[in-house]
Amino acid sequence: MLEINFIRANKSRVIQGLKVKNFSEEDLKLVEGVLALDDARKEVQTNLDNLLAERNQLSKSIGSLMKEGKKDEAEAMRERVARLKEESTRLEDTLRDTKARLEEQLIKIPNIPHESVPPGATPEDNEVYKAWGEPLPELGAGALPHWELAQKYGVFDLELGVKLTGSGFPVYRGKGAKLERALISFFLDEAIAAGFEEIIPPLMVNEDTARATGQLPDKEGQMYYVERDNLYLIPTAEVPVTNIYRDVILDEGRLPIKMTGYTPCFRREAGSYGAHVRGLNRVHQFDKVEIVVLDHPDRSYETLRQMLAHVSGLLDKLELPYRILRLCGGDMSFTSALTFDFEVFSAAQKRWLEVSSVSNFETFQSNRMKLRFRDGKGTRLVHTLNGSALALARVVAALLENNQTPEGIVIPKVLRNYTGFELLN
RNA sequence: GGAGGAGUGGCAGAGCGGUUGAUUGCACCGGUCUUGAAAACCGGCGUACCGAGAGGUACCGGGGGUUCGAAUCCCUCCUCCUCCGCCA
């Protein structure tokens, strides 16, 4: 959520930014609407505050009059306060209502894109930030897509997942399970070596937590929900990990705070079938190592660059061909100011698969989360950033396909200490 | 799950219907003293909103209520502690 004061002070910049996110003229009226509602809010609040001030003063007088035994005067005053109360009750209702409407409108305004975000509406308009220079890997005749390789070598079993749970819940087996665990350990160890604190968070969160990172109220349909306990299964570790610092005021010297966490991620991904979602391309449960950074506004874009370098390093070490995209206004998430996607090339599918998304949210999340730091003069919102480092399922898909040989799947050197085998067959 | 107790500022801990946004101690920041430090002493020290400012308003786990007035009374939810039960 944007700060209302920011919108007020930077109205034209906000409108310009919304245009990059392809807001229509009609939608742009939200900005004026929000400012008008805030004006109304201020007015009501001022009136209410004045009324309450009067009430407080009268109540105090009643107290001293009672002590002095002047019952009649006190009684008269009591009646006046009673009338004030009627009006203040009315104003309180108006204030509550105005605030609710303001919030409802404000929550519809997405984050303002960073100046480097290219215009555009669809993924085709994303800018290739770093291309894969060398020729793309070519597989010989008879090369198989990962879902067939999985069957051949018993890496994972989606049909079995259907039996146990439903579609999109893979069951990893044998060396496939070991490979999964190896990747998780490798990613975590790399993050820890880069100075991130490892977190193992809860996999279910309450409403407040889901709201603070922006999953609610908008995207509840994307999360699994346990109605009986009013809990949500996390769609990413970002949610519980970032919320560790909800309602916290940090000392400036504590920034940056760097955290990493492995969790399974649960996404409902309402129905879509076809070749592009086969196998591990899109599933309801997948493993991911996430990195989260809370940083000073002056430094956050340098931090974002470092996070890109970290993720690049992982893919380099796995020897997977990848490219980095700078997302265009139309393809960015609601909450992000700047997002880079990492895609690995799936040689058998001849497609790029998204394996990471690294974003700077600036103050969009921290505002809703009331996550601030003290800078000597007062408090300021911190910048929050996060990225996948990395999402497992599609990395596994690409590894299986790109590394297939007649003898089996060749495990990247960097993983062999973790898997204990060089060949998955 | 059952029975009892408790939730107050960074921490500890008063207050239990009226000038208390909250005594006090510790921590922290500034000053005096000192060659420097410690000690001692003096001052400061929550957050948010409105306001140019003076100042005002709200917040004592969350929400609701009683009252002229609530940290203090009532209801409800949440959390923690003790005991019992169950359990990886």
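Chain letters run A, B, ... following the sequence lines, proteins first, then strands; residues in each count from 1.
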Output yes when a side-chain donor or acceptor of [X] lies under 3.5 Å from a complementary backbone atom of [Y], and no otherwise.
X: A/Asp375; Y: A/Gly378; value: yes
X: A/Asp189; Y: A/Phe186; value: no
X: A/Asp295; Y: A/Leu255; value: no

How many whole angstroms separate atom [atom1] of [X] from atom [atom2] of [N]?
X: A/Asp49; N: B/G55; atom1: CG; atom2: C1'; value: 12 Å
X: A/Leu91; N: B/U57; atom1: CG; atom2: P; value: 15 Å
X: A/Met1; N: B/A48; atom1: CE; atom2: C1'; value: 14 Å
X: A/Leu48; N: B/U57; atom1: CG; atom2: P; value: 11 Å
X: A/Leu102; N: B/C49; atom1: CG; atom2: P; value: 13 Å
X: A/Asn47; N: B/G56; atom1: CG; atom2: P; value: 18 Å
X: A/Glu92; N: B/C59; atom1: CD; atom2: C1'; value: 14 Å
X: A/Tyr245; N: B/G10; atom1: OH; atom2: C1'; value: 15 Å

Between A/Met259 and A/Ile244, is any pair of side-chain heavy atoms under 4.5 Å apart?
yes
Does the side chain of A/Leu106 come within less than 4.5 Å of A/Ile7's, by heavy atoms?
yes
Result for 5'-nearest mapping on RNA chain B, choosing between A/Asp38 and A/Glu54, is A/Asp38
Taking for A/Gln57 and for A/Gln45 the nucleotide of RNA chain B with the nearest heavy atom, the one nearer the 5' end belongs to A/Gln45
Check this for me: A/Arg173, atom CZ, are more than 12 non-hydrogen atoms of other residues, nucleotides or ligands nearer than 6.0 Å?
no
Taking atom CD as the centre, does A/Glu92 end up with more than 12 heavy-atom neighbours from other residues, nucleotides or ligands that are less than 6.0 angstrom away?
yes
Below 3.5 Å between N/O atoms, which protein atoms pair up with nucleotides 43-47 of chain B? Just atom names and distances, please.
residue, atom, partner, partner atom, Å
B/U47, OP1, A/Arg374, NH1, 3.1
B/U47, O3', A/Arg372, NH1, 3.0

Using atom [atom1] in both nucleotides, what's the gap between [N] and [M] to the nearest angstrom?
N: B/A88; M: B/G2; atom1: C1'; value: 22 Å
N: B/G63; M: B/C26; atom1: C1'; value: 34 Å
N: B/A71; M: B/U8; atom1: P; value: 16 Å
N: B/C50; M: B/A12; atom1: P; value: 33 Å
N: B/A22; M: B/C78; atom1: C1'; value: 25 Å
N: B/C74; M: B/G17; atom1: P; value: 11 Å
N: B/G25; M: B/G44; atom1: P; value: 13 Å
N: B/G5; M: B/C75; atom1: P; value: 13 Å

Contact list for RNA chain B against residues 198-208 of chain A - heavy-atom distance below 4.0 Å
none
Of the non-hydrogen atoms in A/Asn111 and A/Phe361, which two are nearest, and what is the gap between them?
ND2-O, 3.1 Å
Indicate, with a heavy-atom threshold strictly under 4.0 Å, whether A/Arg96 touches base, sugar-phosphate, or nothing.
sugar-phosphate
Checking only heavy atoms, does the side chain of A/Asn50 share a donor-acceptor pair with the base of B/G56 at less than 3.5 Å?
no
Lys/Arg-Asp/Glu bridge criterion (N-O < 4.0 Å) met for [X], [Y]:
X: A/Glu32; Y: A/Lys11; value: yes
X: A/Glu104; Y: A/Arg101; value: no
X: A/Asp38; Y: A/Arg41; value: yes
X: A/Asp39; Y: A/Lys42; value: no

Between A/Lys175 and A/Phe421, is NZ or CZ placed under 6.0 angstrom from the six-membered ring centre and within 45° of the ring axis?
yes
I need a per-nucleotide contact map over nucleotides 65-78 of chain B, read 5' to 3'. Cutoff is protein heavy atoms under 4.0 Å; write B for the base, S for backbone only, - otherwise.
--BBS---------
According to the salt bridge (Lys or Arg N to Asp or Glu O under 4.0 Å) rule, which pairs have a member within residues 226-253 of chain A, sequence neighbours left out?
A/Asp251-A/Arg374
For RNA chain B, the dot-bracket pattern of Watson-Crick and G-U pairs whose distances stay under 3.5 Å, | for other-strand partners:
((((((((.[[[..)..(.....]]].(((((.......))))).(((((....))))).[[[[[..)....]]]]])))))))....
Show every ring pair (Phe, Tyr, Trp, His ring centres under 6.0 Å) that has at least one partner inside residues 56-108 of chain A, sequence neighbours left out.
none
